Structures are given as structure tokens and as C-alpha cells.
Amino acid sequence: MSVVEQHAQAHILTEDVLDDVGAVPVVLRYDSLQDPRAVMVDLPGPHEWTFPRSLLEQGLRAPAGSGDVRVWPCGRVQAVIEFHSTRGVSVVQLETKTVHRFLKRTYRAAASPAALAHG
């Protein structure tokens with residue numbers, strides 16, 4: 001298995017929306033054949049972000065990133081991913097355990113024989 005998808009519920013805040021609109025579905029995606037060092041986050045609408053998997057992992061322990069994507073822990077059970085674009089800023093809050101589960105699955109996929117044969 002080289003593709004990992006983790007469906008999750010997230011709270012998304014943007015500069016356009018002052019109130020948290022509640023939990024919305026997002027998809028965390030990893031494809032070891034496409035880019036074994038990157039993860040993708042699909043937000044509602046046509047918003048997909050690709051960034052280094054290591055940034056996601058580092059951001060669970062301490063603030064990480066300085067460009068278009070920043071990740072940091074928010075207490076013990078939440079993680080925040082902040083996306084900057086020409087349209088503004090989106091802040092996504094996810095459960096840390098969901099992100100940890102996703103990362104574990106990506107490392108297993110990267111180590112699979114099919115991924116190693118193409119990598």
C-alpha cells in the first residue's frame with residue numbers, strides 16, 4: 001500500500017469567518033510513489049495543500065514552519081496547521097491522535113515493498 005488517506009474532522013477558521021463553523025471533514029493524504037517526503041491536506045472546496053511530512057511531525061512537538069504552512073501543538077490533544085495564501089489565512093485544528101495515527105500509517109506505507117521498489 002503506497003497511498004494512505006486519513007479522514008478526520010477539523011475546525012477551520014479563516015480571516016473571512018469570525019466564528020468557528022464547527023467540525024468539517026478534511027482528508028490527510030500520503031502517496032509514497034508520488035513523493036515519499038510529502039503529505040497533503042484536503043480542505044473543503046478546492047483547497048489542497050502539500051508540504052513536508054517532517055513539518056507535520058515536528059509541529060506536533062513544537063511550533064514548526066515559517067513559510068506558507070506552519071504547524072504547532074495546541075495543548076495535549078490538539079494540533080494546529082496554519083495555511084497562508086494570496087486569498088488569506090486558514091487555521092485548521094485537528095486532534096493530535098488523528099495526526100499521529102496518520103503519520104504512523106505513512107511510515108508503514110513508505111517501508112512497504114512496493115514503495116521501496118519504486119523509491
Side-chain angles (χ1 to χ4, degrees):
M1 172 173 67
S2 63
V3 176
V4 173
E5 283 193 354
Q6 178 76 46
H7 295 265
Q9 294 291 312
H11 290 271
I12 300 177
L13 300 172
T14 66
E15 291 179 335
D16 299 333
V17 180
L18 296 177
D19 297 321
D20 183 351
V21 295
V24 297
V26 298
V27 179
L28 304 170
R29 185 174 293 115
Y30 172 78
D31 186 340
S32 64
L33 299 179
Q34 182 178 354
D35 185 347
R37 292 174 298 277
V39 293
M40 289 142 294
V41 176
D42 288 332
L43 303 176
H47 307 290
E48 180 179 276
W49 290 83
T50 301
F51 56 95
R53 178 173 57 173
S54 60
L55 174 62
L56 184 59
E57 186 172 26
Q58 292 166 6
L60 293 179
R61 295 185 303 270
S66 60
D68 293 341
V69 180
R70 299 170 188 166
V71 183
W72 66 89
C74 181
R76 294 176 51 120
V77 297
Q78 298 288 315
V80 173
I81 308 173
E82 184 177 276
F83 300 103
H84 294 257
S85 73
T86 57
R87 293 185 303 224
V89 177
S90 293
V91 178
V92 178
Q93 190 173 30
L94 296 158
E95 288 188 10
T96 302
K97 68 180 180 180
T98 300
V99 179
H100 276 295
R101 185 179 321 119
F102 170 70
L103 286 170
K104 283 182 186 179
R105 292 176 62 210
T106 68
Y107 285 109
R108 282 196 307 266
S112 74
L116 295 174
H118 290 88

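Not measured: the values here are computed from a predicted model.
- Listed here is the closest heavy atom pair of Val89 and His84: CG2-ND1, 3.4 Å.
- Nearest heavy-atom pair across Ala109 and Val4 is CB-CG2, 3.7 Å.
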Less than 3.5 Å apart, which donor and acceptor atoms pair up between the side chains of residues 37-49 and the rest of the protein, not counting sequence neighbours?
{"residue": "Asp42", "atom": "OD2", "partner": "Arg29", "partner atom": "NH1", "Å": "2.2"}
{"residue": "Asp42", "atom": "OD2", "partner": "Arg29", "partner atom": "NH2", "Å": "3.0"}
{"residue": "His47", "atom": "ND1", "partner": "Arg87", "partner atom": "NH2", "Å": "2.8"}
{"residue": "Glu48", "atom": "OE1", "partner": "Arg29", "partner atom": "NH1", "Å": "3.4"}

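- The two residues Pro63 and Trp72 make their nearest non-hydrogen contact at CA-CB, 3.7 Å.
- Ser32 contributes atom OG, which lies 13.0 Å from atom CZ of Arg108 (distance to the nearest 0.5 angstrom).
- With rounding to the nearest 0.5 Å, the separation of CD in Gln93 from CD1 in Ile81 is 10.5 Å.
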I'd like a table of donor-acceptor pairs (distance under 3.5 Å, sequence neighbours excluded) in which one partner is a side-chain atom from residues 53-62, with atom names and distances.
{"residue": "Arg53", "atom": "NH1", "partner": "Thr106", "partner atom": "O", "Å": "3.4"}
{"residue": "Arg53", "atom": "NH1", "partner": "Thr106", "partner atom": "OG1", "Å": "3.1"}
{"residue": "Arg53", "atom": "NH2", "partner": "Pro36", "partner atom": "O", "Å": "3.3"}
{"residue": "Glu57", "atom": "OE1", "partner": "Tyr107", "partner atom": "OH", "Å": "2.8"}

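- Applying the salt bridge (Lys or Arg N to Asp or Glu O under 4.0 Å) test to residues at least two apart or on different chains, the pairs with a partner in residues 64-80 are Arg70-Glu82.
- Across every non-hydrogen atom of Arg105 and Glu5, the tightest pair is NH1-O, 3.0 Å.
- For Lys97, the side chain to side chain contact (heavy atoms under 4.5 Å, CB included) test picks out Glu95, Arg101, with sequence neighbours left out.
- Looking at heavy atoms from C-beta onward, Gln9 lies in side-chain contact with Pro25 at the 4.5 angstrom threshold.
- The cluster map of Ile, Leu, Val, Met, Phe, Trp and Tyr, joined by side-chain heavy atoms under 4.5 Å apart, puts Val3 and Val27 in different clusters.
- The closest side-chain heavy-atom distance from Val71 to Val99 is not below 4.5 Å.
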